[in-house]
Amino acid sequence: MDYKERTVDYLAETLELDKDELRSYLEIPPQEDMGDFALPCFRYAKTFRTAPQKIAEGFAEKLGELPDFISEVRCSGAYLNLFLARGPYCREIVREALEEGEAFAASDQGEGQTVLVEFSSPNIAKPFHVGHAFSTFIGDVLSRMYDHLGYDVKRLNHLGDYGTQFGKLIVAYDRWGDEDALEASPIAELLRIYVKFHKAAELEPELDDEARARFKALEDGREEEVALWKRFRELSLEEFNRIYKRLDVSFDSTKGEAFYSDKIPAVVKDLEEKGLLVDSDGAKVVMLEEEDIPPCIVLKSDGSTIYATRDLAAAIYRYETYKFDKNIYVVGLPQSLHFKQVFAVLKKAGFDWADDCVHVGFGLVKFPPEESGGITLSTRSGNVIYLEDLLDEAVAKTKAIIVENNKDRPDPMTDEEIDETAAAIGLGAVRYTFLRSGRERDIIFRWDEILDFEGDSAPYMQYAYARAQSILRRAGDSAPERCDYEKLELSSDSEFALCREMDHIRNALEQAAEAYEPSILARQTMSLCRAFSRFYNQMPILQAEDERLRQSRLTLCRAFSSVLKTALGLLGIKTVERM
RNA sequence: GGACACGUAGCUCAGCAGGAUAGAGCAGCCGCCUCCUAAGCGGCAGGCCGAACGUUCGAAUCGUUUCGUGUCCGCCA
């Protein structure tokens with residue numbers, strides 16, 4: 001049970017205070033020696049017409065005999081500091097961790113509710129670069145979190161498989177395409193001709209008109225264009241699926257923008273009938289002045305569709321298909337105006353569920369300024385880092401470290417174990433790089449930072465897990481699966497701190513889901529591992545002073561392992577038994 | 001020009017429904033492997049929280065202004 005809630009209940013009853021008020025006032029003190037919960041009494045000064053310090057003292061006096069989960073109450077200026085009874089607290093957290101296992105921090109808060117998460121959404125015929133990784137990791141983790149909280153999650157990959165770019169690609173392929181190269185390495189070849197097109201179009205602007213015409217032909221269903229488009233699409237998907245498998249990411253539905261193209265006329269017609277479409281320079285737009293944002297273009301002047309049109313059709317289709325309670329778009333921050341417009345149009349068209357649509361934006365991935373003037377990765381310029389190259393690099397570096405460590409290991413790893421471990425750690429390191437900071441921050445892409453496996457990194461956490469597992473392995477049968485939790489003797493600073501961090505994983509998960517912010521969970525998981533490292537260094541476990549302490553600490557190790565595995569699982573980071 | 005972000009230690013970032021001496025990691029310096037994996041632990045040093053006003057008993061946190069950076073602002077996605 002939630003100790004904060006328990007404390008609130010107790011204080012509310014004993015001190016005759018309002019529960020909701022208490023809940024919002026009660027805080028966790030900045031320093032350990034100030035207790036586990038603190039009630040600042042400043043705000044009660046007015047109602048009681050007394051100095052805050054006096055109020056705190058008065059409260060302390062009034063509390064009298066303490067309940068068994070609180071060991072001590074102290075006044076410190078205007079603060080009423082409460083200390084949890086460590087023994088019972090640790091016993092309870094450890095018991096919950098072990099009994100709940102994988103379901104630790106799970107809940108049924110989302111029961112009966114459907115959440116859609118659109119993420120990743122790479123463009124066909126373009127490389128899957130580190131920018132797509134951002135959306136992929138954030139979306140994947142959000143999906144995992146909502147799933148853990150009991151929501152019915154649908155993971156959607158909204159492929160960029162339509163638009164004028166395909167006109168460009170078709171023009172480029174006709175001119176410069178190399179059939180053999182396309183077979184050998186499809187996306188690389190498509191990228192080559194795409195970049196070439198952009199260079200050529202600078203000198204020969206007619207190429208752009210030609211490209212628009214070819215896209216129009218594609219949209220009208222002309223055989224030649226459709227066949228090429230299908231081919232590009234399939235070849236690209238093969239490459240993407242290979243990456244998703246490697247990243248341990250899956251989707252419930254992979255539909256491209258093209259899928260929605262035949263649903264667009266009905267949407268346009270509906271907007272027209274509702275009197276929302278206005279002619280503007282030959283284009284059809286929906287005016288949004290009352291929202292104080294620029295108009296949303298629905299049809300271009302040549303009558304073809306635009307991304308907003310397709311997003312409108314997609315949203316409506318999704319509502320009809322899933323009757324979602326929440327519809328999340330994990331798409332880059334630069335598109336926030338676009339989503340505001342789309343949601344506003346939906347709202348204006350009378351779809352109340354527009355309020356349940358949310359754009360979860362994230363920052364840009366950039367090169368460091370000292371290397372490139374801080375330019376953004378861009379497909380058009382050919383200035384990209386392929387995600388696969390990054391993954392390969394990370395895994396290779398990990399492997400080198402493992403091989404080195406393996407030399408003086410009494411029980412060396414097999415080649416197979418080395419490869420598996422290196423993959424788990426390398427991929428974890430990359431994933432964590434994208435999850436550790438607030439998602440709206442830009443990521444400056446620096447190899448040495450991403451491949452730095454010390455400190456604030458996934459390998460640090462995986463290492464903590466491996467060490468805990470190592471101890472449990474060594475303990476063998478002397479570390480029983482089951483134990484009498486009442487006999488656990490855990491009360492030192494580091495043991496108690498570790499239990500607190502396990503407990504806080506639950507709050508972090510809730511907050512992270514609420515704020516669509518994986519970094520909150522990532523950060524707490526890191527904090528949990530730091531607490532374990534300290535415990536590990538301070539407390540002898542296998543060599544504990546007596547058998548009861550030994551059993552207690554082994555059990556704590558087991559509980560920690562379990563909680564950490566669950567938390568890392570939510571982050572999509574794999575654990576390893578040793579490293 | 002308008003809109004939205006962001007500006008905290010040398011670097012990367014937490015903290016921001018206002019509260020007790022502003023926290024981590026990296027980099028720097030100093031310690032710790034005869035003892036459970038040193039991808040680790042402990043310690044030192046490092047900050048007028050971009051600036052100025054304002055609200056408040058109290059502001060990194062809220063408001064206004066200002067400077068700086070980034071992104072977006074109609075037929076690319």
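Proteins come first, then strands; the chains are lettered A, B, ... in the order of their sequence lines, and each starts at number 1.
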> Does rA20(B) have OP1 or OP2 under 4.0 Å away from a side-chain N or O of Ser76(A)?
no

> What nucleotide, of rA39(B), rG70(B), rU12(B), holds the atom closest to the side chain of Arg436(A)?
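The listed nucleotide nearest to Arg436(A)'s side chain is rU12(B).
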
> Counting only side-chain heavy atoms from C-beta out, which of rU71(B), rA77(B), rA20(B) sits nearest to Leu364(A)?
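Nearest to the side chain of Leu364(A) among the choices is rU71(B).
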
> Taking any heavy-atom pair under 4.0 Å as a contact, classify Arg441(A): base, sugar-phosphate, or nothing.
sugar-phosphate

> Would you indicate what Pro40(A) reaches in the nucleic acid, counting non-hydrogen atoms under 4.0 angstrom: base, sugar-phosphate, or nothing?
nothing

> What's the closest nucleotide to the Lys366(A) side chain, out of rG70(B), rU37(B), rG42(B)?
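Output: rG70(B).
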
> Taking atom P in both rA3(B) and rU66(B), what distance in whole Å separates the two?
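Here rA3(B) and rU66(B) have their P atoms 11 Å from each other.
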
> Using a 4.0 Å heavy-atom cut-off across all strands, classify Glu257(A) as base, sugar-phosphate, or nothing.
sugar-phosphate

> Counting the atoms with a prime plus P, OP1 and OP2 as sugar-phosphate, which does Ala464(A) contact under 4.0 Å by heavy atoms, base, sugar-phosphate, or nothing?
nothing

> How far does the C1' atom of rA27(B) sit from the matching atom of rA9(B), given to the nearest Å?
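Result for the C1' pair: 12 Å, nearest Å.
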
> Quick one: label Asp411(A) by what it contacts on the DNA or RNA (base, sugar-phosphate, nothing), any heavy atom closer than 4.0 Å.
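Result for Asp411(A) = nothing.
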
> Does Leu333(A) reach a base, just sugar-phosphate, or nothing at all? Heavy atoms under 4.0 Å.
nothing

> Does Tyr463(A) get its side chain close enough to the base of rA39(B), under 3.5 Å, for a donor-acceptor pair?
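By the distance-only test, no, there is no pair.
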
> Before accepting this row, confirm whether a basic side-chain N of the pair Arg43(A)/Glu21(A) lies closer than 4.0 Å to the acidic partner's carboxylate O.
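Looking at Glu21(A) together with Arg43(A), the answer is no, because their closest N to O distance does not fall below 4.0 Å.
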
> Using purine N1 to pyrimidine N3 plus N6-O4 or O6-N4 for Watson-Crick, or N1-O2 and O6-N3 for G-U wobble, both under 3.5 Å, which nucleotide pairs with rA39(B)?
none

> Whole angstrom is fine here: how far is it from CE in Met413(A) over to P in rU37(B)?
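Those two atoms, CE and P, are 12 Å apart.
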
> Among the candidates rG74(B), rC36(B), rG18(B), find the nucleotide nearest to the side-chain atoms of Ser280(A).
rG74(B)

> Asp302(A) near the nucleic acid: base, sugar-phosphate alone, or nothing, with a heavy-atom cut-off under 4.0 Å?
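The residue Asp302(A) makes no contact with any strand.
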
> Under 4.0 Å between any heavy atoms, over every strand shown, what does Pro52(A) touch: base, sugar-phosphate, or nothing? Just pick one.
nothing

> In whole Å, I'd like the distance from the CD atom of Glu454(A) to the C1' atom of rU37(B).
14 Å

> As a test of understanding, state which of Val365(A), Leu364(A), Thr433(A) forms a side chain to side chain contact (heavy atoms under 4.5 Å, CB included) with Phe445(A).
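Filter result, single survivor: Val365(A).
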
> Considering every strand and a 4.0 Å limit on heavy-atom distances, what is the contact class for Leu337(A): base, sugar-phosphate, or nothing?
sugar-phosphate

> For the side chain of Ile297(A), counting heavy atoms from C-beta on, which of rU12(B), rG74(B), rG40(B) is nearest?
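That would be rG74(B).
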
> Which part of the nucleic acid does Met526(A) contact within heavy-atom distance under 4.0 Å: base, sugar-phosphate only, or nothing?
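No contact.
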
> Can you tell me the base-pairing partner of rU69(B)? Count Watson-Crick or G-U wobble geometry only, both distances below 3.5 Å, and say none if there is no partner.
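By the stated definition (distances under 3.5 Å), rA5(B) pairs with rU69(B).
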
> Would you classify Tyr460(A) as touching base, sugar-phosphate or nothing, given that sugar-phosphate means primed atoms plus P, OP1 and OP2, and contacts are heavy atoms under 4.0 Å?
sugar-phosphate

> When the aromatic ring centroids of Tyr432(A) and Tyr460(A) are compared, is their separation below 6.0 Å?
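Ring centres of Tyr460(A) and Tyr432(A) not closer than 6.0 Å.
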
> OP1 or OP2 of rU37(B) less than 4.0 angstrom from a side-chain nitrogen or oxygen of Ser470(A), does that happen here?
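So the side-chain polar atoms of Ser470(A) do come within 4.0 Å of the phosphate oxygens OP1 or OP2 of rU37(B), strictly under.
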
> If every non-hydrogen atom of Glu291(A) is compared with every non-hydrogen atom of Ala344(A), which pair is closest and at what distance?
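In terms of heavy atoms, the two residues are closest at CG-CB, 4.0 Å.
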
> Check for a donor-acceptor pair, side chain of Trp229(A) on one end and backbone N or O of Asp161(A) on the other, with a separation under 3.5 Å.
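Such a contact is found between Trp229(A) side chain and Asp161(A) backbone.
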
> NA contact type, Arg43(A), heavy-atom cut-off 4.0 Å: base, sugar-phosphate, or nothing?
base

> So what's rG74(B) paired with, Watson-Crick or G-U wobble, going by both distances under 3.5 Å?
none

> Students often get this wrong, so: under 4.0 angstrom with heavy atoms, is Ser301(A) touching a base, only sugar-phosphate, or nothing?
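If one applies the 4.0 Å heavy-atom cut-off, Ser301(A) turns out to touch a base.
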
> Between rC36(B) and Arg467(A), is there an OP1 or OP2 to side-chain N/O distance shorter than 4.0 Å?
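Answer is no, no contact under 4.0 Å.
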
> Report yes or no: is the cationic atom of Arg214(A) (NZ for Lys, CZ for Arg) under 6.0 Å from the centre of the six-membered ring of Phe166(A), at an angle within 45° of the ring normal?
no

